[in-house]
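Labels below follow one simple rule: chain letters A, B, ... track the order of the sequence lines, proteins then strands, and each chain is numbered from 1. Hydrogens, waters and symmetry mates are skipped; everything else that's a heavy atom, side chains included, is used.
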4 protein chains.
Amino acid sequence: MSKAAARIRTAAISVFAVKGYAAASTRDIAASLSLSPGAVYPHYKSKESLLFAISLEGHTSALAAVKQADPAGESPSVRLTSTVRAYVKWHAQNRDLARVVQYELRSLAPDHFEAIAALRRSTSRVFEQIITDGNTSNEFNTIDIGATTLAITSLGIDVSRWFPSQTYSDPDTLAHAYGELSQRMVGARRRPDSLPDPT
Amino acid sequence: MSKAAARIRTAAISVFAVKGYAAASTRDIAASLSLSPGAVYPHYKSKESLLFAISLEGHTSALAAVKQADPAGESPSVRLTSTVRAYVKWHAQNRDLARVVQYELRSLAPDHFEAIAALRRSTSRVFEQIITDGNTSNEFNTIDIGATTLAITSLGIDVSRWFPSQTYSDPDTLAHAYGELSQRMVGARRRPDSLPDPT
Amino acid sequence: MSKAAARIRTAAISVFAVKGYAAASTRDIAASLSLSPGAVYPHYKSKESLLFAISLEGHTSALAAVKQADPAGESPSVRLTSTVRAYVKWHAQNRDLARVVQYELRSLAPDHFEAIAALRRSTSRVFEQIITDGNTSNEFNTIDIGATTLAITSLGIDVSRWFPSQTYSDPDTLAHAYGELSQRMVGARRRPDSLPDPT
Amino acid sequence: MSKAAARIRTAAISVFAVKGYAAASTRDIAASLSLSPGAVYPHYKSKESLLFAISLEGHTSALAAVKQADPAGESPSVRLTSTVRAYVKWHAQNRDLARVVQYELRSLAPDHFEAIAALRRSTSRVFEQIITDGNTSNEFNTIDIGATTLAITSLGIDVSRWFPSQTYSDPDTLAHAYGELSQRMVGARRRPDSLPDPT
DNA sequence: GATGAATGAGACTTCATTCAT
DNA sequence: AATGAATGAAGTCTCATTCAT
């Protein structure tokens, strides 16, 4: 990706996050970089392709963050805390990107949508697997694996809607609190004492 | 509200929910009722005023649902379960309305936004109060009241983003599962055995 | 067709004729009627649909002119003169329309193109049939029916490219001259002495 | 003309022929040679100058073809057949070039247009002179010299609009048929028995 | 109340052309 | 010579809104 393309993408993330994809104009994006309206088009062939590029980058990055935070060989409890923290932190630290990526999917072309949906399923599956493992090993006592997975995912996604608030503006603080909540949600019997920070 | 105005509002909820406020045109709304483009304007003076009317109706309704589900004189545990169930159920049963009301706020005019924000704070405060009460009475063992309130609210709001899924398409089932999760999140020491259904 | 739609169509014919379809803008058309750029769209859903409406009208009208000038029961010679005169006259009198209709076909959408092509074939077939009849009855002595039909059609079509010239600006004069030429082209053995004017 | 300039010109002829000058972009032309958008400009200073270069080349070539086919000292009948064949053949064999050259004149700048118009008049004059000569010598019996010249020219020009058709795809066959037709149009009293082929 | 033509603004996109590389 | 990013203008079309009917 050329430098100009990267600048345009960054600008677009910000504009899309603030106004929403549909309300944001390609002019807004160009203007935010002091470029002429047509300057976007040597780099992205349409507004939708810009959204797709952003969505792909964002969901890939989120998935990577979660996967990287899932330490092989650790207990489900440790794994859950670590991945939840990473997921929450990702949404807080990349709030604009996260917001676009989580809330503008409907504006993608059908085949682009499908590509992104696959990435999202992969991310969900990480949490679901950990929770399943925890229940199998009796370390967790989850009532309903599907609902709990959904809920934990929801917590992360919804962060990008409201973050930062007056009370919570530090990604780490929030990540730790939500990590604890996730332990409770799965009915973890033991608490991990200390954890490497999943930054 | 006249019958025509109500029909238009209902159509608008559906169109806004599917396309998003910015991408939906007043023509779309009119067309979905087989009306001409100008037909909206005798009833709502602008697209934004339609959104405001919907937002007001929706947030008022959600707040009422929650408040009505907060039984005076019951234990925090019972109250929390009941209100969470009501909140979740409301988002599932009124998914289109909920989606518009939760995700299109940024398109409101500033003073309209402020009016809605006040309603939202009232709704949050119901949960926060219950959790606070539970902690005071030692019935709950909440780690971080603010974060937990936020998380519980998030669960409900996010329902309107994804509901229904392949796995969860029954509002009651979901409401019960999320009610349980909320008990765990606050660290409730006793479980309510049975509860009136908050329909 | 509403009055406004008719006015727009007429204006479009003129603008398309002068600049060509591709070089003409919908703005040009609207401006030539002192309308705003968007005023075309309540009446025609796209620039191409305007071209199609014009093409359909034009080719239908040309075909009708030719068919109406083909008098049942007359000799091929009389029929040929009459139809050629009508065809030439149509192209001269409706020069703008003819030009659009004959030279802008490539800008039609594929299915619209096909509909128009069918009309054009019908028109050609009228001439071909007359020439064939004349040869069968030995009234004509055509060298090559296909080439002669093509040539006669070409004469008419090409009128819309150059008409009027300094020398020929009267449709009737031209029509009569071309009628004579067509008699010669088919090798008509007898000349029709007088003919009703195919106006 | 450099090799690159020639390649660009050839590509432009093809693109202009297919889409029309106005609908063809300089990008289309460059892309058809796998060049970048700017690559045209070292060779032609504008799109219009490309059209002018093509028009000049084309009309010069057509005029030369006709002139060369007008054998000094031959009878008008022979001369007419020979030049008509050459003219028709030129339009068939160089169909793309002919189409651009005959139908895109309006897009030339005024002074360029004038230069081309002069060439066109020269071409017409060749036919007109032959017909006039034939009538003077009584070899022809033309009804209307102007109209007949126009008609013969039209036949040639219009070839570039439709050639090839399903029936006529051989330039020579068509040229011979049209040569015959031209004899008839001018009322030639004697037929030329054989003619050198004006290729 | 409803219609639907019309407006004025603005959206996405294309394009001829320029220019630094 | 060629590249390709960028510009400024323009093009097709959409849209919220108005207004005469």
Donor-acceptor under 3.5 Å (R99(A) side chain, S160(A) main chain):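 Yes: the side chain of R99(A) pairs with the backbone of S160(A).
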dT7(E) phosphate, OP1 or OP2, under 4.0 Å from S36(C) side-chain N/O: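 True: S36(C) side-chain N/O within range (under 4.0 Å) of dT7(E) OP1/OP2.
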dG11(F) OP1/OP2 closer than 4.0 Å to side-chain N/O of T26(C):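 Answer no for this pair, as no side-chain N or O of T26(C) is under 4.0 Å from OP1 or OP2.
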5' priority, DNA chain E, between D28(D) and S34(C) [closest heavy atom]: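 This one resolves to S34(C).
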Toward the 5' end of DNA chain E, by each residue's nearest nucleotide, P42(B) or S46(A):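 Whichever sits nearer the 5' end wins; that is P42(B).
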For the pair made of [atom1] in [X] and [atom2] in [N], what is the distance, rounded to whole Å?
X	N	atom1	atom2	result
L51(D)	dT17(E)	CG	P	12 Å
R27(C)	dC13(F)	CZ	C1'	10 Å
K3(B)	dG1(E)	NZ	C1'	15 Å
E48(A)	dC12(E)	CD	P	13 Å
F16(A)	dA11(E)	CZ	P	13 Å
K19(B)	dC15(F)	NZ	P	7 Å
M1(C)	dA5(E)	CE	P	14 Å
L50(A)	dA11(E)	CG	C1'	15 Å

Parallel, tilted or perpendicular: rings of Y103(B) and Y103(A) (30°, 60°):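 Geometry flag for Y103(B) against Y103(A): tilted rings.
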For dG8(E), the Watson-Crick or wobble counterpart (both distances under 3.5 Å):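 WC or wobble partner is dC15(F).
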dA1(F) - base-pair partner by Watson-Crick or wobble geometry, distances under 3.5 Å: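 Paired with dA1(F), as far as the under-3.5 Å criterion goes, is no nucleotide at all.
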Minimum-distance nucleotide (side-chain atoms of S25(A) versus dT12(F), dA2(F), dC12(E)):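 Nearest nucleotide to the side chain: dC12(E).
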Proximal nucleotide (of dA6(E), dT12(F), dT18(E)) relative to the Y41(D) side chain: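 For the Y41(D) side chain, the nearest candidate turns out to be dT18(E).
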Electrostatic pair R121(D)-E114(D), nearest N-O below 4.0 angstrom: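 Salt bridge flag = yes for E114(D) with R121(D).
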Sugar-phosphate, base or nothing in reach of A39(A), heavy atoms under 4.0 Å: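 Here A39(A) touches the bases of the nucleic acid.
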Touch class at under 4.0 angstrom, heavy-atom based, for S2(A) against every strand present: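 Result for S2(A) = nothing.
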First of A24(B) and P37(C) reached from the 5' end of DNA chain F, by closest nucleotide: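 Its nearest nucleotide lies further toward 5', so the answer is P37(C).
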Of K47(C) and H43(A), the one whose closest DNA chain F nucleotide lies more 5':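 It is H43(A) whose nearest nucleotide is closer to the 5' end.
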Smallest separation among heavy atoms of A39(D) and H43(D), with atom names: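 In terms of heavy atoms, the two residues are closest at O-CD2, 3.5 Å.
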Heavy-atom pair with the smallest gap, counting every atom of D28(A) and V15(A):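 Closest approach of D28(A) to V15(A): CB-CG1, 3.9 Å.
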